[in-house]
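A quick write-up on the structure given underneath.
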Amino acid sequence: MNSKKLSEYELLTKQVKEFVNDIENKSEFHKIFKRYYRGIQILYGPLIFQPEILFIGINPGAGYFNEKKENVKRYNPLKNFEYIHFNYLLARQTRELFKMANIKSLNSCVKTNCFFFSTKNKSDLDNFLSNFKEQEIYKKSAIWRHKLIEIIEPQIIICEGFSAFEWVTKKYTNIEIERNDKFLYVEVDNIKIIGYKRRMSLILHNEEVSKVLKAAYNRVNS
């Protein structure tokens, strides 16, 4: 494993942990944390450098909290990739998407989110984030997000939803995004970025998205 990249990841997690500890321990934020916050999670599997594909969602859901009745606290990589070893809807949908695109390398993919803060839904995420504008939570999250992309160096990024795509590509200017009501696509810094439309955990227009993914994957492996 690349020791320099690993050190960079450890520094990133240290920054996230310090930020969370700082705001969580301030009494004026206790009610906000109790109402919206369900923990922190950075990765959903092993940390793999230069993978073919990186998934980026919006934020962790409350699945762990609902099952364990406690906040998730996962700063370190996981041993197994969740999309292979779990059977929740988005995992099943992703496996089906890869099957349709004839891609068999799901076990060598990485997954993270635009925001690492777990909430039960996007509305709660928006409410949580809005309380920490003065602490520059949006700016810090953008820095962490793009630092993680830089560390991982994926060839393809699959954004799990149009809003995730907008957050990932927000920092880039003068880019030509292919837009329609089924998927978004752009190439930036030699990375092919795909955004699909979703409803909750349901991937919409699976067939069209699988074709775009397959084309991007074939170009990477040609």
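Along the sequence shown, residues are numbered consecutively beginning with 1.
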Drop me the distance from Ser201's OG to Gln93's CD, to the nearest 0.5 angstrom. 8.5 Å
Can you measure from CG (Leu106) to CD1 (Ile84) and round to the nearest 0.5 angstrom? 4.5 Å
Is there a path of hydrophobic side-chain contacts, each under 4.5 Å between heavy atoms, that joins Leu184 and Val186? yes
Spacing of NZ belonging to Lys147 relative to CD1 belonging to Ile149, to within rounding of 0.5 Å: 12.0 Å
State whether Glu8 and Lys4 are salt-bridged, where the test is any N-O pair (Lys NZ or Arg NE/NH1/NH2 against Asp/Glu carboxylate O) under 4.0 Å. yes
As a test of understanding, state which of Phe98, Phe165, Tyr44 forms a ring-ring contact (aromatic ring centres under 6.0 Å, His included) with Phe55. Phe98
Short side-chain to backbone donor-acceptor contact, Asp22 and Glu18, under 3.5 Å: no
Consider only side-chain heavy atoms of I, L, V, M, F, W and Y, link residues closer than 4.5 Å, and tell whether Tyr75 and Leu78 are in one cluster. no
Backbone of Met200 reached by a side-chain donor or acceptor of Arg198 within 3.5 Å: yes
So which heavy atom on Asp181 is nearest to which on Lys197, and how close? O-CD, 3.2 Å
Counting only N and O atoms by type, is there a donor-acceptor contact under 3.5 Å from the side chain of Ser210 to the main-chain atoms of Glu207? yes
Considering residues at least two apart in sequence or located in another chain, which fulfil the salt bridge (charged side-chain N to carboxylate O under 4.0 Å, His left out) criterion with Lys140? none
Honestly curious: do Val20 and Tyr36 fall in one hydrophobic cluster under the side-chain, below-4.5 Å linking rule? yes
Which value, rounded to the nearest 0.5 Å, describes the distance between Ile32 atom CD1 and Leu129 atom CG? 11.5 Å
Taking Lys5 for the side chain and Glu150 for the main chain, is one N or O donor matched with an acceptor at less than 3.5 Å? yes
Are Ile42 and Leu148 close enough that some pair of their side-chain heavy atoms sits under 4.5 Å apart? yes
Determine, using ring centers only, whether Phe132 and Phe29 are less than 6.0 Å apart. yes
Looking at Ser123, is its backbone amide N or carbonyl O close enough to the side chain of Asn121 to form a donor-acceptor pair, meaning the two atoms are under 3.5 Å apart? yes
In terms of heavy-atom contacts, Gly61 and Ser118 come closest through O-OG, 2.7 Å
Where do Tyr83 and Phe81 land on the ring-ring contact (aromatic ring centres under 6.0 Å, His included) test, with the steps shown first? CA-CA 6 Å; Tyr83 281 1; Phe81 186 39; 5.3 Å; yes
Indicate whether the side chain of Arg38 and that of Asn59 have a donor and an acceptor atom separated by less than 3.5 Å. no
Any idea how Phe128 and Phe117 line up, ring-wise: parallel (<30°), tilted (30 to 60°), or perpendicular (>60°)? tilted
Treat each ILVMFWY residue as a node, draw an edge where side-chain heavy atoms are under 4.5 Å apart, and state whether Tyr196 and Val220 are in one component. yes
From Leu90 CG over to Leu202 CG, what is the distance, rounded to the nearest 0.5 angstrom? 9.5 Å
Is there side-chain contact between Arg199 and Leu204, with at least one heavy-atom pair below 4.5 Å? yes
Between Glu67 and Lys69, is there a donor-acceptor pair closer than 3.5 Å when you use the side chain of the first and the backbone of the second? no
For a quick test of reading the model, state the closest non-hydrogen atom pair linking Pro60 to Phe116 and the distance between them. CG-O, 3.5 Å
Under a 4.5 Å cut-off applied to non-hydrogen side-chain atoms, are Phe33 and Ile23 in contact? yes
Are Ile158 and Val168 joined in one hydrophobic group, where the rule is that I, L, V, M, F, W and Y side chains link up if heavy atoms are under 4.5 Å apart? no
Do you see a donor-acceptor pair shorter than 3.5 Å between the side chains of Tyr88 and Glu82? yes
How long is the gap from CD on Gln50 to CG on Asn2, to the nearest 0.5 Å? 8.0 Å
Do His30 and Lys34 make a side-chain contact, defined as non-hydrogen atoms from C-beta onward lying under 4.5 Å apart? no
Under a 4.5 Å cut-off applied to non-hydrogen side-chain atoms, are Ile156 and Ile191 in contact? no
